[in-house]
Amino acid sequence: MNNLFLKCTLFGLALLAGQNTEAQNTDKSKDELSVYRATAQKVHDLIHTKLDVSFDYGKRYLYGKEWLTLKPHFYETDSLTLDAKGMDFKEIAIIEGNKKTPLKYTYDNEQLFIALNRKYKSTEKFTIYISYTAKPDELKAKGGTAITDAKGLYFINPDGKDDKPIQIWTQGETESSSAWFPTIDKPNQKTTSEIAMTVDAKYVTLSNGKLASQKVNSNGTRTDTWKMELPHSPYLFMMAVGDFKIAKDTYNGKEVSYYLEPKYAPYAKQIFGKTPDMMNFYSKMLGVEYPWAKYAQIVARDYVSGAMENTSATLHGEYVQKTARELLDDNQESTIAHELFHQWFGDYVTAESWSNLTMNESFATFGEVLWHGHDAGQDAEDRSRYEKLQNYLRSQKNGDSPILARFYYKNADNMFDNISYSKGSIILYAIKNQMGDEAFFKSLNHYLTTYAYKSGEPHQLRLSMEEVTGKDWLPYFNQWYYNAGSPILDVIYKYSNGKMIITISQSQDSAVQTFTLPLKVDFYVNGTKIRKDLLINKREQSFSFDLPSKPEFIDLDPDKILVGQVNVDKKTAADYLFQYKNAPSYYNRIEAIKFASKDRSQESQLILLEGLKDQQEDLRVLSIKAIDLYEKQTKDQVLKTLLDIAKNDKKTISRANAIVKLASTGDASYKNLMEESIKEQSYNVIAAGISGLTKYSSEESEKALAGLDDDTKKHVTPLIKKFNSQK
């Protein structure tokens with residue numbers, strides 16, 4: 001799952017929510033946090049789930065028939081407990097040949113307790129038949145920060161009264177599939193499935209696996225049957241029904257399809273078109289071919305999270321579907337890559353419990369990073385990785401943050417935070433750096449193939465890595481997966497008599513562990529780069545190196561794999577200018593620009609001038625916003641570069657910010673630029689032009705906005721407010 005709107009602040013919001021909890025709930029919260037969240041015991045194993053469902057739009061009901069095949073996991077048993085939330089039951093029976101034998105049961109509105117007709121051994125399968133009604137809108141289900149609702153099944157505009165499509169869709173994570181069919185709703189269960197949906201014949205359906213049959217009924221309905229012949233977890237079951245247009249693609253002989261509202265169907269390939277390339281990249285990188293029969297992506301209205309990696313059928317929130325004009329300004333490629341990577345890490349091998357969510361979400365976030373590198377080069381990969389690091393750093397305080405593999409939490413939803421997503425992804429990147437790419441990806445292959453169609457946890461990943469490399473990785477996993485926090489390194493450099501002394505203190509809170517950190521350091525001496533190794537494993541220690549002369553610059557952790565912070569004592573603007581020009585990793589460039597944005601020195605102005613020409617548009621934008629237009633020595637060059645960006649930059653966000661910056665001068669010669677910008681297709685550029693025009697004539701600006709068509713006006717109005725607030 002990926003919630004782009006929340007992922008940068010999930011943990012912070014959770015903290016705030018905790019701080020504002022009323023006193024009467026404090027004891028309850030403490031009690032919840034003291035409960036060890038054990039992996040669900042397997043009393044029974046799901047084997048096959050067959051569903052036959054229809055829908056009552058008026059009542060918001062699902063009428064279901066289920067044939068559930070199971071077996072005892074190990075111990076013989078004469079009872080069965082199923083998760084089933086807020087349902088009515090018409091019939092519960094066991095199927096033996098052609099005979100149905102009614103079974104006794106009790107129900108507490110959350111779980112169904114069934115007395116079987118006899119004791120069954122682990123070698124014996126049995127099939128339960130259940131006729132039921134699911135009533136999701138009557139279910140008192142609470143969501144959380146990441147997944148805002150837990151009804152499981154959603155009727156969108158079922159009465160057709162609102163200005164939005166009529167749709168039905170499901171959301172199973174974390175344990176909400178049991179709101180629309182009885183099951184053992186735990187991630188360590190796996191079952192094949194067959195789902196038959198009877199719907200109005202005008203609608204399209206989507207579910208897991210392949211569309212096996214379509215039957216036209218005499219009453220204006222149609223029954224579509226979807227079959228998933230490989231086992232997957234109940235929370236990954238999905239259904240969707242609505243007026244969708246399907247665009248078809250292909251990968252390695254398998255159907256790849258995109259389900260969109262009719263308005264957006266012409267842009268399907270522009271939105272999702274990189275999907276087959278992503279499938280090819282991930283398949284080759286992991287050495288495991290895309291495992292499912294097909295891959296579909298569908299966009300739903302009023303979705304309760306960002307996106308969901310249902311097996312072979314990802315569901316996206318409506319923010320993903322865009323017109324060609326909207327795509328000029330933005331796309332959701334990261335989300336698309338994230339959910340696809342889940343088809344291996346999350347679906348093919350599933351986290352065995354929510355405590356081990358890192359085995360799903362850290363990997364999918366890591367997959368985003370690798371895709372950007374493959375698609376756009378190392379600098380794009382490093383940018384994505386830096387963004388994950390910053391997400392994590394916003395979720396810690398003085399180096400303190402929750403444990404990655406957490407077995408104590410209030411609610412499973414609490415696991416969907418910047419620890420499971422961002423921190424976990426850069427921990428994976430760091431071990432890849434230490435291990436080497438070949439060994440790392442061979443280890444991932446070993447993990448995937450060993451636990452295929454099963455569930456896994458970090459220790460199983462560790463064992464795969466040890467099998468491949470022959471090295472004990474337990475210290476790494478203990479430090480990063482089973483202990484909390486991250487290091488803060490305070491660094492002092494001193495050169496004297498041919499020796500370079502580096503003093504490093506770990507200044508994270510004393511309650512946070514002392515880290516063992518194998519890092520590298522680059523010394524830039526007389527035009528040559530000299531690399532040395534460090535092993536940091538104490539709260540304070542010094543390292544001495546013989547160097548021919550004082551370094552012009554020192555780059556600690558040049559690969560930028562540290563999952564933490566580095567604070568260098570007495571670092572100057574000249575140092576940052578050198579690092580921008582001579583050690584130009586993405587990390588070094590953005591840190592130089594951030595420093596220069598707060599510093600008024602000549603060197604900082606030169607950094608920002610360089611930043612205007614940076615290959616990454618976010619760094620160009622940072623530089624545009626911060627640069628001084630009135631610094632005499634660089635003014636002419638700055639204005640010339642800004643004008644070029646405003647007219648020619650390939651990224652509309654860079655153009656827009658340059659337009660607003662030039663307007664801030666009040667120079668009448670730029671008024672024509674504002675007027676021409678309003679004629680552009682990009683909403684960003686149009687909004688910048690109107691915002692900039694207010695500098696010359698608020699009346700003309702208001703007239704320009706009033707003259708736009710309704711669609712353009714709707715898009716640019718909030719952007720204008722944003723640009724106005726920057727002035």
How about Y258 and I246: do any of their side-chain heavy atoms sit closer than 4.5 Å? no
Side chains of D711 and Y683: do they bring a donor and an acceptor to under 3.5 Å? yes
Check: R406 main-chain N/O paired with S355 side-chain donor or acceptor under 3.5 Å: yes
Would you indicate whether the side-chain heavy atoms of L153 and L62 approach each other to under 4.5 Å? yes
What is the distance from atom CG of L80 to atom CG of L103, rounded to the nearest 0.5 Å? 9.0 Å
Output yes when E261 and R301 qualify as a salt bridge under the 4.0 Å nitrogen-oxygen rule, no when they do not. yes
Just checking, is any N or O donor in the side chain of D185 or S177 under 3.5 Å from an acceptor N or O on the other one? no
Does the side chain of D243 come under 3.5 Å of the side chain of Y203 through a donor N or O and an acceptor N or O? no
Below 4.5 Å, heavy atoms only, C-beta onward: do W226 and M239 meet side chain to side chain? no
Would you say the side-chain atoms of N208 and T311 include a donor-acceptor pair closer than 3.5 Å? no
Is any side-chain N of the basic residue among K85 and D108 closer than 4.0 Å to the acidic one's carboxylate O? no
For the residue pair Y61 and F55, is the inter-centroid distance of their aromatic rings smaller than 6.0 Å? no
Distance in Å, Y63 OH paired with Y132 OH, rounded so as to fall on 0.5 Å steps: 13.0 Å
With distance as the sole test, does S362 use its side chain to make a donor-acceptor pair with the main-chain N or O of M359 at under 3.5 Å? no
Salt-bridge present (K388, E368; N to O < 4.0 Å): yes
Check: E339 main-chain N/O paired with E309 side-chain donor or acceptor under 3.5 Å: no
Under 6.0 Å from the NZ atom of K294, do we count more than 12 heavy atoms belonging to anything else shown? yes
H44/F126 aromatic ring centres below 6.0 Å: yes
Donor + acceptor pair across side chains of N684, T652 (<3.5 Å): yes
Are the side chains of L327 and T323 in touch, meaning some heavy atoms are under 4.5 Å apart? no
More than 12 heavy atoms of other residues, nucleotides or ligands under 6.0 Å from NZ of K227: yes or no? no
In terms of side-chain geometry, is the basic nitrogen of K190 or D347 positioned less than 4.0 Å from the acidic oxygen of its partner? no
For the pair T221 (side chain) and N217 (backbone), establish whether a donor and an acceptor sit closer than 3.5 Å, ignoring hydrogens and angles. no
So do the side chains of L340 and Y290 get within less than 4.5 Å of each other, counting heavy atoms only? yes
Residues K210, E229: salt bridge by 4.0 Å N-O rule: no
What distance separates I95 CD1 from T101 OG1, expressed to the nearest 0.5 Å? 8.0 Å
Does either side chain, that of T314 or that of Y295, offer a donor lying less than 3.5 Å from an acceptor on the other one? yes
Does the separation of the ring centres of H316 and F272 fall below 6.0 angstrom? yes
How about F244 and W169: are their ring centres within less than 6.0 Å of each other? no
Using a 4.5 Å cut-off on heavy atoms from C-beta on, say whether the side chain of K100 contacts that of I94. no
Geometric class of the Y282/F341 ring pair [parallel <30°, tilted 30-60°, perpendicular >60°]: perpendicular
On a heavy-atom basis, which atom in I336 and which in I271 lie closest, and how many Å separate them? CD1-O, 3.3 Å
S131-K65 side chain donor-acceptor pair, cut-off 3.5 Å: no
Check whether T717 reaches the backbone of K713 with its side chain - one donor and one acceptor, N or O, closer than 3.5 Å. yes
Any side-chain heavy-atom pair of L116 and I128 under 4.5 Å: yes
Let me see the working for E175 and Y235 under side chain to side chain donor-acceptor pair (under 3.5 Å), right down to the final yes or no. CA-CA 6 Å; E175 296 174 5; Y235 80 92; over 6 Å; no
Does the distance from a Lys or Arg side-chain N to an Asp or Glu carboxylate O, for K50 and E66, drop under 4.0 Å? no
Could you check S178 against D83 for side chain to side chain donor-acceptor pair (under 3.5 Å), going step by step and ending with a plain yes or no? CA-CA 6 Å; S178 49; D83 299 300; 5.3 Å; no
Thinking salt bridges, do D302 and K164 make one under a 4.0 Å N-O criterion? yes
Is the centre of the F113 ring less than 6.0 Å from the centre of the Y107 ring? no
With K322 as the cation and Y264 as the aromatic partner, state whether NZ or CZ is under 6.0 Å from the six-membered ring centre and within 45° of the axis. no
Would a 4.5 Å heavy-atom cut-off, applied to side chains only, mark I184 and L70 as touching? yes
Would you say the side-chain atoms of S420 and E361 include a donor-acceptor pair closer than 3.5 Å? no
Check the side chains of N188 and S455 for a donor-acceptor pair under 3.5 angstrom, ignoring hydrogens and angles. no
Can a donor-acceptor pair be found, under 3.5 Å and without considering hydrogens, that links the side chain of K186 to the backbone of K42? no
Rounded to the nearest 0.5 Å, the CH2 atom of W371 sits from the OG atom of S334 at a distance of 11.0 Å
For P136 and F155 the tightest heavy-atom approach is CG-CE1, 4.2 Å
Under 4.0 Å between a side-chain nitrogen and a carboxylate oxygen: does that hold for D137 and K151? yes
Ignoring hydrogens and geometry, is there a side-chain-to-backbone donor-acceptor pair from Y267 to E326 under 3.5 Å? no
Begin from the C-alpha positions of E194 and T49 and carry the test side chain to side chain donor-acceptor pair (under 3.5 Å) through to its verdict. CA-CA 6 Å; E194 178 179 332; T49 303; over 6 Å; no
Taking NZ, NE, NH1 and NH2 as the nitrogens, is one of them in R222 or D224 under 4.0 Å from a carboxylate oxygen of the other? yes
Is a side-chain donor or acceptor of S233 paired with a backbone partner of L236 at a separation under 3.5 angstrom? no
Classify the ring geometry of Y421 against H338: parallel below 30°, tilted from 30° to 60°, perpendicular beyond 60°. parallel
Would K254 and D249 count as a salt bridge (charged side-chain N to carboxylate O under 4.0 Å, His left out) here? Give the steps. CA-CA 9 Å; K254 295 182 178 181; D249 216 329; over 6 Å; no
Using ring centroids (six-membered ring only for Trp), state whether F237 and H232 fall under 6.0 Å. yes
Which value, rounded to the nearest 0.5 Å, describes the distance between K263 atom NZ and K245 atom NZ? 16.0 Å
Please find the pair of heavy atoms, one from W344 and one from M279, that lie closest to each other, and give the distance. CH2-O, 4.1 Å
Rounded distance (nearest 0.5 Å) linking atom CG of L230 with atom OG1 of T191: 11.5 Å
Aromatic ring proximity W180/Y154, centre distance under 6.0 Å: no
Check: Q343 side chain, S312 main-chain N or O, donor-acceptor pair, under 3.5 Å: yes
With no hydrogens and no angle check, is any side-chain donor or acceptor of N411 less than 3.5 Å from a backbone partner on D413? yes
Salt-bridge test for E333 and K274: reply yes if a basic N is under 4.0 Å from a carboxylate O, no otherwise. yes
